[in-house]
Amino acid sequence: MVNISFLRNVRWRIQICCLSSSSCFFFLKLLGIDGVGLGLILHHQKLGRIFDIWCLHIPVADRTPFTDLVKIVERTVRSEYQRSPNRPIYLVGESLGACLALAVAALSSDIDLVLILANPATSIRRSHLQLLTPLLEALPDPFSPALPNILRSTTGESLRMVLDNVVQGLPLQNTAGELVKDFTTFSLSLHVLADILPKETLVWKLKMLKSASAYALSRLYAIKAQTLILCSGNDQLLPSQQEGERLLELLPRSKSQLRKFNDSGHFLFLEDSIDLVTIVKGTSYYRRGKSHDYISDYIPPTPEEARKVTESYSLYNLVSTVMLSTLEDGTIVKGLAGIPSEGPVLFVGDHMLLGLDKVPLWCRIFSERNIVVRGIAHPLFFMRTKKGKLPDVSYFDGLRIMGAVPVAPTNLYKLFSSKSHVLLYPGGIREAFHRKGEEYKLFWPEQSEFVRMAARFGAKIVPFGVVGEDDIGQVVFDYDDLVKIPYFRSEIESLTKETAHLRNDAGGEVANQQVHLPLILPKVPGRFYFYFGKPLETKGREQELRDKQKSQELYLQVKSEVEKCIAYLKEKRESDPYRGLGPRLLYQASHGFESDVPTFEI
C-alpha cells in the first residue's frame with residue numbers, strides 16, 4: 001500500500017504536494033530510489049517557510065499501478081481543496097512525478113492548481129532508456145557483472161554516498177549536501193543498488209514510466225492549471241529541453257512558462273546551484289490567491305539571492321559604482337546614509353541607456369541599508385503579447401527577485417499603502433532607448449504622473465541623478481538611423497508589438513515608445529555615479545497638493561532637482577582619479593579586490 005507522508009508547520013500558508021522523482025519515480029540514474037524523497041531534502045527547509053509540504057512516499061516493493069497512484073493523489077488534492085478552496089495547491093513533479101502531476105491536473109480542472117514540472121518524463125519514447133527494459137529482463141538475478149558497463153553509457157553520476165547510507169541506516173539529511181559534490185561514478189554503486197532495489201523493481205518502474213507518459217500525454221488537452229516547466233540542457237537521460245518546448249506549445253500558453261538550465265543534469269533538484277524557492281520567486285509563481293499579486297505576494301530577496309543577481313550582471317563588477325546621498329541638513333555624503341529608512345519613499349530619477357542603472361541601485365541599497373526598492377518597470381520585464389525576438393522574460397527573473405513591479409496605478413497605490421520604497425523613471429522606455437547626443441536628457445510627461453499619489457500617502461520624494469553610460473559605450477546607430485532602412489523599420493515594429501504599449505494618450509517624444517536595439521560602440525568601462533538629493537516632504541501637504549497647479553509645481557521642482565543631480569555628477573566626476581578602469585584595477589591590486597575604490601572629494 002502506498003504511504004503518503006506529511007511534513008507540517010502551522011505557520012505555512014500554501015499546500016505543496018511534492019511528487020518528486022526520488023519518491024515516485026525510478027530511473028537507473030535516479031537518486032532516492034529507496035523512496036525517502038531526496039529531491040526534496042535540499043529544498044524542504046526553505047520551502048517550509050512559505051508552503052505546507054506534503055511528500056508522496058512509495059516503498060521500494062510497491063507495485064501500485066500508475067492509474068491508482070493518480071487516484072490516490074487526486075483524492076488527496078480534492079480533500080485539501082474542500083478544506084481550503086480559496087488557496088492554490090502546488091504539485092511539484094520530477095520525471096515520472098511530472099507525469100503524475102499532469103495526470104492529476106487533467107482530472108482536476110475545477111481546482112486551482114500550480115504545476116512545477118522538472119525534466120518531465122513525457123519524452124520517454126524519444127529516449128534511449130526505453131531500450132533498457134529488455135536488457136534488464138535478460139539479465140540473471142542478482143545483477144550480471146556486465147550491468148555496470150551497460151549503465152555507464154547512460155549515466156555519469158554517483159549514488160554511492162546516498163545508497164551506502166540507506167543500507168547502513170544513517171540519516172540522509174547529513175549527507176545530502178555532500179552527495180551532490182560526488183555525483184560521478186554511478187556504475188560503481190550497482191552492488192549497493194542491487195541490495196535495496198531488486199531487478200524486478202527496476203523493470204516495473206521502467207514499464208510504469210512508459211504507461212505514465214502515454215497517460216499524461218493523452219490528457220494534456222484537459223489541463224487548465226498554471227504550469228512552470230524546468231528543463232536541463234545537460235540531461236543525459238531524457239531530451240528535456242526539447243520536451244519542455246513541446247509541452248509549452250501544448251499546454252495553455254497564457255498560463256505556462258519555461259525555464260532552461262543549460263548546464264544542469266537530469267536531477268535538477270539535487271544540484272546545489274538550484275534553489276526551488278528562488279525559481280518560484282523569480283518567475284512570480286508564488287501566490288496566495290487566484291492570481292499573483294506583485295505587492296502582497298512578494299517575498300524579499302535573501303542576501304545570497306541579491307549577491308547572485310549582482311554577479312549575473314558582470315558589467316556592474318567593473319564599473320565600481322559611486323553612491324552619494326544628502327542628509328536632512330543638506331550635507332552631501334558618500335554612501336547611502338541620506339536615504340530615508342521609513343517608507344513610503346519614492347525615488348525619482350533619470351534612466352541611463354538600456355536601463356543600466358537599475359541593478360546597481362537595487363542591489364546597493366539592499367546590501368548597504370537592507371532596504372528593498374520596488375522598481376516600477378515596463379511590461380516587457382513580465383510578459384510578451386506574442387513570441388518573437390525580444391529576450392525571453394526569464395532573462396529578467398533576477399529583477400523580479402529584487403522587486404520589479406509592472407507599471408500600473410493600482411500597483412503604485414498598493415506600494416505606497418504598504419509603506420514601500422518605490423523607484424520610478426518618468427522618462428520610461430524613451431529615455432532608456434534614447435538617441436545619439438541625448439545622454440542625460442530627460443523625457444518626462446508634461447503633466448505630473450506621481451505627485452498627487454505620493455502626497456496622498458505622505459511619501460517622501462527623493463530626486464536622484466545617475467551618470468556613466470557614456471563611459472561604457474557610445475550610440476553610433478540609433479532609432480532615427482534604423483527607421484530609414486526598411487528591414488530595421490519592420491523589425492522595430494515587430495519588436496514593439498511583442499509587448500504592451502504604454503502612454504497611448506500621451507503626446508510628444510514621451511509617447512515614442514518603440515522598442516529597438518541601438519548599435520553601441522563599447523568602451524573600456526568607466527564608472528557609474530549616483531547622487532540622491534535631499535528628500536522632498538509631501539506629508540502635511542495632502543490637501544495643498546490636491547490642487548493641480550500645486551502638484552505641477554512640485555513635479556517641476558522634482559524634475560529640476562534631478563537635472564541638478566546629473567549636472568553635479570558630470571562636473572565632479574572629471575576630478576575622479578579612479579574614473580578609468582586602469583587606475584581602479586591598480587588600486588584594488590594593492591588594497592585588495594574587495595576594497596572600496598575612492599572617488600572625488602565632495
Has the side chain of Arg452 got a donor or acceptor atom that lies under 3.5 Å from a matching backbone atom of Ala455? no
Take atom CD in Glu304; do more than 12 heavy atoms of anything else shown fall under 6.0 Å from it? yes
With a cut-off of 6.0 Å (strictly less than), are more than 12 heavy atoms of other residues, nucleotides or ligands near NZ of Lys436? yes
Go through the steps for Arg287 and Val114 under the test side-chain contact (heavy atoms from CB on, under 4.5 Å), then give the verdict. CA-CA 10 Å; Arg287 57 185 174 90; Val114 180; 3.2 Å; yes
First locate atom NZ of Lys290, then atom CG of Asp112, and finally report the distance between them rounded to the nearest 0.5 Å. 4.5 Å
Do NZ/NE/NH1/NH2 and the carboxylate oxygens of Arg78 and Asp110 come within less than 4.0 Å? yes
Minimal non-hydrogen separation, Glu469 against Phe528, with atom names: N-CE2, 4.2 Å
What do the steps show when you test Lys260 against Glu245 for side-chain contact (heavy atoms from CB on, under 4.5 Å), and what is the final call? CA-CA 10 Å; Lys260 298 179 180 180; Glu245 296 280 2; 2.5 Å; yes
What are the two closest non-hydrogen atoms of Leu581 and Pro525, and how far apart are they? CB-O, 3.4 Å
Is Arg87 paired with Asp52 through a side-chain N to carboxylate O contact shorter than 4.0 Å? no
For the pair Glu544 and Arg541, find out whether any cationic side-chain nitrogen is under 4.0 Å from an anionic carboxylate oxygen. yes
Asp392 (side chain) donor-acceptor with Tyr395 (main chain) under 3.5 angstrom: no
Please confirm whether the backbone N or O of Ala408 pairs with a side-chain atom of Thr410, one donor and one acceptor, at under 3.5 Å? no
Under 3.5 Å, is there a donor-acceptor pair between the side chain of Glu553 and the main chain of Ser551? no
Take Phe347 and Phe532 through the test ring-ring contact (aromatic ring centres under 6.0 Å, His included) and record every step on the way to the result. CA-CA 8 Å; Phe347 299 101; Phe532 295 90; 5.7 Å; yes
Smallest separation among heavy atoms of Pro426 and Phe450, with atom names: CG-CE2, 3.9 Å
Tell me, do Pro344 and Val422 make a side-chain contact under 4.5 Å, heavy atoms counted? no
Checking His292 against Gln226: is there a side-chain donor and acceptor pair closer than 3.5 Å? no
Strictly distance-based, threshold 3.5 Å: is any side-chain N or O of Ser108 a donor or acceptor partner for the main-chain N or O of Ala105? no
Hey, is NZ on Lys523 packed in by over 12 heavy atoms from elsewhere, all under 6.0 Å? yes
I would like to know whether Met402 and Lys358 meet side-chain contact (heavy atoms from CB on, under 4.5 Å); could you show each step before the answer? CA-CA 10 Å; Met402 293 307 299; Lys358 296 187 299 294; over 6 Å; no
Of all heavy-atom pairs between Met352 and Gly468, which one has the smallest distance, and what is that distance? SD-N, 3.8 Å
So does Lys550 have more than 12 non-hydrogen atoms from other groups sitting under 6.0 Å from NZ? no
I'd like to know if Glu311 and Lys308 make a salt bridge, using a cut-off of under 4.0 Å between side-chain N and carboxylate O. no
Evaluate whether atom CG of Asp596 has more than 12 neighbouring non-hydrogen atoms of other residues, nucleotides or ligands under 6.0 angstrom away. no
Does atom CD of Glu249 have more than 12 heavy-atom neighbours, drawn from other residues, nucleotides or ligands, at distances under 6.0 Å? yes
Is a side-chain N or O of Ser84 found less than 3.5 angstrom from the main chain of Tyr81, in a donor-acceptor match? no
List the atom of Asp478, the atom of Asp480, and the distance in Å for their closest heavy-atom pair. OD1-N, 3.1 Å
Judged by atom type as modelled, is there a donor-acceptor pair below 3.5 Å linking the side chain of Arg369 to the main-chain atoms of Ile339? yes
Judged by atom type as modelled, is there a donor-acceptor pair below 3.5 Å linking the side chain of Asp350 to the main-chain atoms of Val466? yes
Parallel, tilted or perpendicular, as decided by the 30° and 60° cut-offs, for the rings of Tyr555 and Trp444: tilted
Considering only NZ, NE, NH1 and NH2 on the basic side and carboxylate oxygens on the acidic side, decide whether Asp297 and Arg288 come within less than 4.0 Å. yes
Residues forming a salt bridge (Lys or Arg N to Asp or Glu O under 4.0 Å) with Arg579, sequence neighbours excluded: Asp471, Glu574
Measure up the Tyr479 and His516 rings against each other and bin them: parallel (under 30°), tilted (30 to 60°), perpendicular (over 60°). tilted
Would a 4.5 Å heavy-atom cut-off, applied to side chains only, mark Val407 and His378 as touching? no
Sidechain N-carboxylate O distance under 4.0 Å for Glu328, Lys534: no
May I ask you to test the Leu251-Ile229 pair for a side-chain heavy-atom distance under 4.5 Å? yes
Could you label the plane-to-plane angle of the Tyr568 and Tyr531 rings as parallel, tilted or perpendicular, counting under 30° as parallel and over 60° as perpendicular? tilted
Is Arg259 close to Val393 at the side-chain level, that is, under 4.5 Å between some pair of heavy atoms? yes
Of all the heavy-atom pairs spanning Arg527 and Pro598, show the shortest one and how long it is. NH1-O, 2.8 Å
Looking at CG of Leu554 and CD of Glu537, how far apart are the two atoms once the value is rounded to the nearest 0.5 Å? 11.0 Å
NZ/NE/NH1/NH2 to OD/OE distance under 4.0 Å, Arg573 and Asp470: yes
Close side-chain approach of Thr227 and Leu247, heavy atoms under 4.5 Å: no
Could you tell me whether a side-chain N or O of Gln552 sits under 3.5 Å from a main-chain N or O of Glu446, the two making a donor and an acceptor? yes
Taking the six-membered ring for Trp, are Phe396 and Phe382 ring centroids under 6.0 Å apart? no
Is there a side-chain contact between Val277 and Ile299 (heavy atoms, below 4.5 Å)? no
Verify side-chain contact (heavy atoms from CB on, under 4.5 Å) between Arg456 and Phe416, making sure each step is shown before the conclusion. CA-CA 9 Å; Arg456 181 173 182 175; Phe416 282 147; over 6 Å; no
Is it the case that the side chain of Ser490 and the backbone of Pro486 share a donor-acceptor pair, with hydrogens and angles ignored and the cut-off at 3.5 Å? no
Can you confirm if the NZ or CZ of Arg374 lies within 45° of the ring axis of Tyr298 and under 6.0 Å from the centre of its six-membered ring? yes
Step through the shown structure and confirm whether more than 12 heavy atoms of other residues, nucleotides or ligands are within 6.0 Å of NZ on Lys559. yes
Residues, nucleotides or ligands: over 12 heavy atoms within 6.0 Å of Lys484 NZ: no
